[in-house]
Amino acid sequence: MIETNRPAAAPADDEPDLLRDQFRQLLRYRRLIGAGIGIGLLGGVYLGISTADTYVATADVVLRAPTDDPFNPSLAPDKAINIGSERQVALSSSIANEAAKKLGVSASGFAALRSGLQVTNPPQTMVLRFTYTASSPKEAAKRANAMTEAYLLKRQESLDATRDKMVKGYKEQRDPIAKQLDELSKEIARMPAGAGRDAAGSSKTDLQSEVGGYNTKITKLEALDMTPGRVTSAATAPPAADGPGILMSLALGAAVGLALGLLAAWVRLVFDPAPRSEGDVARALRAPVLGYLPRDRTGGGPLLAAGEADPRLAEEYRSVAFRLAYDSRFADRRRLLVVAPRGSSETAAAVAVNLAASFAETGKDVLLIEADLRTPVLASQLPTDAGGRPRWSQTPGSPKGGGRHSDSEWPDGRQLVVDAGESGSFDLIPGERARNVPRALTSPRATRLISEADSPNATVVVLAPPVLSYADALALVDRVDGVLVVCNPRGVHRTDLSRIRELISGAGGTVLGAVLHAPLPGEKRGRGKDKNPAPAPAASSPASGPQPPQPIPYEVAEPEQHIPGDGTDTVALRTVRMGRR
């Protein structure tokens, strides 16, 4: 036999496939991506409208430090000027006040005048760039030039004030010495020649040297070039609005919104506890995904797949059965347990019935055991006839035709034959409500039923309740070995699948694979929950015995005209509608 239970881990070098898989997973959150694009488009519309009447004018000013020799290479302007401080001065209220006087702006418009100005400094330059934003191009250019002139004027005044203050201080220090020198010169003129006059002459020379030093400093300050800077590029009226335009704004908003939507989808994907792909299900169960049931197009959720109504569904069941038949572990024992994780067992029942029909179609003797003794419904939902093959296990003393056993314990010997149309037929051991479910499932009679798979060309399919809701399935694992998990990947968590694998492995069984399906109509996203939960078994006294389950009505679809050779000859399963389990 060919081993089909391959490791679930993806090859390490299959990165393009992993990327494509992750991208497909992101596309599942179309609402988040659409919401992000919508928000981005709204932002783009706002940006386009808000900047439609916005005009920006720019003026550049090169600063220079006071110098007596502008061609002296040893003078570094960046050492004499702190460009960061000058930028703050250009944005100060004193500059705005000066510009407001020139422009005739009132006090109420002063804040708006100041808020429209931006001053920047290009890197590695001594340039201040005055950028003014206004609602009209002429106003923007006018105010940008006014701000530039006001700054240069204030800087000129500041430099002149600094120089005048220094000159005044030198003069205040020089004048007393100059006065003392004049008085000493007059005294020397009156003194007779001698040692006293020589000493007075020496003091006069010192005073003259000191006065000369102050005069040199004053002359040097007065000779400085105090030009604060020059305008290299005056502001002119901009020919167009500063905004990117409505079309560019929409494109930019859509791009940003798409990025935000993808980011939100990625965050949602990271924190999503549900399996993100078939690979996640395979890794959690450490078993392959044997099939993904297509969404039923008939709208009624058939128990037996309908050939004419939805041939894809029947072919998918056949594909799952084929893969199981070529699994060496199932081929050795031919005992299959079908379970759902939690909630509704509707799809698990459909999988068990259709797999039994698919095995019967290949010529095998198939026995379907409904081990769901809490909500048994298969007998009321399948086209059955009483009786069966005499070699199937029957309780000693039970009627040959499959009548009810006298002690009303399951299995009671009742055996039905399910007609699967051209696919053949298979036997059904229907479930019955039992007072003690664990004892009934582990009874010798149940063990003899499951051991029928040891007969040549025989296969046993067992349907059990959800494995995480009840422990019934775990009581059968050691008798069946092969377990097939049927689940909606969006309705179960990865931790649930890992727990199922651990429980089955701990009970001595093996997960052969998983069959995935889309959410059932009316099923909420998240953990699978039964919309119409089955009522608990009614309490009864030993004298009265357990109450039989109420039959659930079913309908058989009307057969449609079949044309030989139309491509549907291999699909021969009858449509049977079923109610919610």
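As the structure is a computational prediction, the values presented were derived from the model and not from experiment.
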*Might you confirm whether atom CE of Met248 has over 12 heavy atoms from other residues, nucleotides or ligands at distances under 6.0 Å?*
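No - once you tally the heavy atoms of other residues, nucleotides and ligands closer than 6.0 Å, there are 12 at most.
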
*Check whether more than 12 heavy atoms from other residues, nucleotides or ligands sit under 6.0 Å from atom CD of Gln118, and answer yes or no.*
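Atom CD in Gln118 is not crowded, with 12 or fewer foreign heavy atoms closer than 6.0 Å.
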
Do [X] and [Y] have side-chain heavy atoms sitting under 4.5 Å apart?
| X | Y | result |
| --- | --- | --- |
| Ser498 | Arg501 | yes |
| Thr58 | Phe130 | no |
| Val119 | Thr131 | no |
| Thr125 | Pro122 | yes |
| Val338 | Val483 | no |
| Met147 | Asn145 | no |
| Tyr151 | Glu86 | yes |
| Val467 | Arg342 | no |

Keeping the roles fixed (side chain from [X], backbone from [Y]), state whether a donor-acceptor pair exists under 3.5 Å.
| X | Y | answer |
| --- | --- | --- |
| Tyr132 | Leu113 | yes |
| Arg28 | Ala265 | no |
| Asp478 | Ala507 | no |
| Gln156 | Met226 | yes |
| Ser92 | Val89 | yes |
| Ser202 | Ala199 | no |
| Ser185 | Leu181 | yes |
| Thr205 | Gly201 | yes |

Looking at every heavy atom in both [X] and [Y], which two are closest together, and how far apart are they?
| X | Y | answer |
| --- | --- | --- |
| Ala141 | Ala237 | CB-N, 3.5 Å |
| Ile188 | Ala200 | CD1-O, 3.4 Å |
| Ala150 | Ala99 | CB-N, 3.8 Å |
| Ala144 | Ala235 | CB-CB, 3.6 Å |
| Ala57 | Thr236 | CB-O, 3.8 Å |
| Ala473 | Pro465 | CB-O, 4.2 Å |

*Just do the side-chain hydrogen bond (donor to acceptor under 3.5 Å, both in side chains) check on Asn215 and Arg174 with the steps written out, would you?*
CA-CA 8 Å; Asn215 288 334; Arg174 182 200 61 182; 2.6 Å; yes

*Any chance you could lay out the salt bridge (Lys or Arg N to Asp or Glu O under 4.0 Å) test for Asp280 and Arg283, step after step, and finish with the verdict?*
CA-CA 5 Å; Asp280 284 353; Arg283 281 186 288 272; 2.7 Å; yes

Rounded to the nearest 0.5 Å, how far does [atom2] of [Y] lie from [atom1] of [X]?
| X | Y | atom1 | atom2 | value |
| --- | --- | --- | --- | --- |
| Gln208 | Ile177 | CD | CD1 | 12.5 Å |
| Leu63 | Leu152 | CG | CG | 8.0 Å |
| Ile37 | Leu260 | CD1 | CG | 10.5 Å |
| Thr232 | Asp60 | OG1 | CG | 4.5 Å |
| Lys204 | Arg197 | NZ | CZ | 9.0 Å |
| Asp327 | Arg323 | CG | CZ | 12.0 Å |

*asked:* Check Glu139 with Arg143, please: is the shortest side-chain N to carboxylate O separation under 4.0 Å?
replied: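 A salt bridge is present here (some side-chain N lies under 4.0 Å from a carboxylate O).
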
*asked:* I'd like to know if Lys179 pairs up with Asp182 as an ion pair, taking the criterion as any Lys NZ or Arg NE/NH1/NH2 lying under 4.0 Å from an Asp or Glu carboxylate oxygen.
replied: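 Result for this pair is no, no salt bridge flagged.
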
*Could you go through the side-chain contact (heavy atoms from CB on, under 4.5 Å) check for Arg30 and Ile33 one step at a time?*
CA-CA 5 Å; Arg30 296 182 182 89; Ile33 298 176; 5.6 Å; no

*asked:* By the salt bridge (Lys or Arg N to Asp or Glu O under 4.0 Å) test, which pairs, at least two apart or in different chains, include something from residues 210-226?
replied: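 Of all non-adjacent pairs touching residues 210-226, those that pass salt bridge (Lys or Arg N to Asp or Glu O under 4.0 Å) are Arg64-Asp225.
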
*Leu128 and Arg87: side-chain contact (heavy atoms from CB on, under 4.5 Å), yes or no, with the steps?*
CA-CA 7 Å; Leu128 287 182; Arg87 178 179 173 275; 4.2 Å; yes

*Donor + acceptor pair across side chains of Glu316, Tyr292 (<3.5 Å)*: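 Side-chain D/A pair, Glu316 to Tyr292: absent.
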
*Given Phe110 and Ser93, is the side-chain contact (heavy atoms from CB on, under 4.5 Å) satisfied, shown in steps?*
CA-CA 9 Å; Phe110 177 76; Ser93 59; 4.2 Å; yes

*In sequence, state the C-alpha distance, the side-chain angles, and the governing distance for Val511 and Val485, and then conclude on side-chain contact (heavy atoms from CB on, under 4.5 Å).*
CA-CA 7 Å; Val511 179; Val485 180; 4.2 Å; yes

